[in-house]
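Only heavy atoms go into these numbers, but all of them, side chains included; no hydrogens, no water, no symmetry mates. First listed ligand is number 1; within each ligand, the first listed atom is number 1.
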Amino acid sequence: MVTGAEDVSAAWGRKFRPLLASLGVTGKVGEIVKLPTAGLVKTPMVVLVGLGSEPDDNALRRAAGAASRAVTNAASVALALGAQDAAGVRAVTEGWLLGGYTYTEHKSQTAADPTEPSEVVVLSSGARQPELVAAFEAAQVLAAAVATTRDWVNRPPGDLTPPKFADAVTEAHGAFTKAQPRRGGAKVAITVHDEQQLAELGCGGILGVGQGSVAPPRLVELTYAPKGAVAHLALVGKGITFDSGGLTIKPAQSMGTMKCDMAGAATVIQATFAIAALGLPIKVSTFAPMAENMVSGNSIRPGDVLTAANGKTVEVLNTDAEGRLVLMDALVRAAALEPDVILDVATLTGAMVVALGEKIAGVMGSDEVVEGVLAAGTSAGEALWPMPIPEEMRERITSSKIADLAQHDWTRWGGGLFAAAFLREFTDSRPWAHIDVAGPAYNNGGPAGHVTSGGTGFAVSTLVDYARSLAATS
Ligand code: BES
Ligand code: MN
Ligand code: ZN
């Protein structure tokens, strides 16, 4: 039992343990047992959540998430989960808010809709310490950013074409700007490039991928430049609003969840708003290329050559490897600003899912940046794993007979690493890491802990923690 829950067990006294035993309570992670109190304590109901044998902050986050779904129809809730320090308060708060997330934009209201409690209290022995109060508030900012990321990923792809996605970001930006004077922080600037402007900028990759769709592509750019910024971080996120594969069409089964292919863009945009809301003293420049990868008489063909924003030519050999084509233009524009670090987030390859499974993201790039991203993932409670970019990939990405680079080859192995090697060509040798979230961005299964079904918002938290550490060490 964690610190903070003693009073509850004390109310039952010596009968508590036998009671739990007869209920078959084991305390394993994710276990939920509801205990009517019959007046023994003030609340009519106690919900017990399993934390496992050695609860760390991630166990707290998961337990709070599971509890959030288990509590229905309560007017007020107190969380006695042993949040004793700032990291604990953060974990419990995030866990509760994220575990209770639901996507309801297309559900008709029914009487059975669970009602939200009007008050949720996180119990902590250090409740008045400024550090804990700050952690509590920051966790709410983070959870809101993750929830909007999930909303965007979950939204049907026809309702989130590139122009509609750009409009949604513009709207979110407006709401953020309205709230920001109250927060006292620096504003975020937004630019939306339409297809004409993309042509002027020479973004042949974004235009090429987008040309098969009736909904034209967009490039959304955000800038957060607070006074006294100590470092400059560039974020780039893949925004394919639907990935049919194009003429290299996907099998039906793989296409079913391809509305999730804009998760990287949603993630970097929401991370930017969170970093700005937290007032972190770093400059952030964010690039979200948006296109719909469709089949039509105007689609790009295998064999076509596209020219990236830096003039490099790329032979398209598989229209389903479209992510790298929109990212190349965005990376060129990011690198041109000469930031200290570039991070890109993308649902890029099925190969990474084969390698690491559905819950772990692969990280590739400059050693120092990769290390920083892994450390940020640890503090954020997100699972990331380093992957190499082997030397032999250079030969593969330069194997085109007619263009500077080959976008794809038909060698079956190492597809995630090939993609990373390709992206690296557009980073101008700046410190950079690529985060392939093809597995963890979308949960095909049921809810588990604080991770709900569908869009997960994976990597928002890691990016914000990376920005925190950049601010602290620069
Ligand atoms: N969007 C997919 C990758 C993906 C797969 C995301 C599964 C989420 C879950 C990407 O555009 C893609 O189709 N990649 C191809 C690359 C291949 C053609 C080199 C793949 O992984 O099959
Ligand atoms: Mn694809
Ligand atoms: Zn894709």
Ligand-protein N/O pairs under 3.5 Å (ligand 1):
| from | atom 1 | to | atom 2 | distance (Å) |
| --- | --- | --- | --- | --- |
| ligand 1 | 1 (N) | K238 | NZ | 3.4 |
| ligand 1 | 1 (N) | D243 | OD2 | 3.1 |
| ligand 1 | 1 (N) | D261 | OD1 | 2.8 |
| ligand 1 | 1 (N) | D261 | OD2 | 3.0 |
| ligand 1 | 1 (N) | T347 | O | 3.4 |
| ligand 1 | 11 (O) | K238 | NZ | 3.1 |
| ligand 1 | 11 (O) | D243 | OD2 | 2.9 |
| ligand 1 | 11 (O) | D320 | O | 3.1 |
| ligand 1 | 11 (O) | E322 | OE1 | 2.9 |
| ligand 1 | 11 (O) | E322 | OE2 | 2.9 |
| ligand 1 | 13 (O) | K250 | NZ | 2.8 |
| ligand 1 | 13 (O) | D320 | O | 3.0 |
| ligand 1 | 13 (O) | D320 | OD1 | 2.8 |
| ligand 1 | 13 (O) | D320 | OD2 | 3.2 |
| ligand 1 | 14 (N) | L348 | O | 3.4 |
| ligand 1 | 21 (O) | G350 | N | 2.6 |

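- Taking the ring centre of Y101 as origin, the terminal cationic atom of R150 falls inside the region bounded by 6.0 Å and 45° from the ring axis.
- Angle subtended at the Zn ion (ligand 3) by D261 OD2 and E322 OE2: 100°, rounded to 10 degrees.
- When each of M393, M328, H408, R396 is tested with F422 by the rule side-chain contact (heavy atoms from CB on, under 4.5 Å), just one qualifies, namely M328.
- Ring orientation note: the planes of W432 and H434 are close to parallel, at an angle under 30° on the 30°/60° scale.
- Each protein N, O or S atom less than 2.8 Å from the Mn ion (ligand 2) was counted, giving 4.
- Taking backbone and side chain together, D320 holds no N, O or S atom under 2.8 Å from the Zn ion (ligand 3).
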Could you walk me through whether S244 and N293 pass the side-chain hydrogen bond (donor to acceptor under 3.5 Å, both in side chains) test, one step at a time? CA-CA 6 Å; S244 73; N293 190 21; 5.2 Å; no

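- Here the side chain of S254 pairs no donor or acceptor atom with the backbone of K250 at under 3.5 angstrom.
- I240 lies apart from the Zn ion (ligand 3) in this respect, since none of its N, O or S atoms is found at a distance under 2.8 Å.
- Proximity of a side-chain donor or acceptor of T102 to a complementary backbone N or O of T104 within less than 3.5 Å is not detected.
- Geometrically, K187 does not engage Y224 in a cation-pi contact, judged by NZ or CZ lying under 6.0 Å from the ring centre and within 45° of the ring axis.
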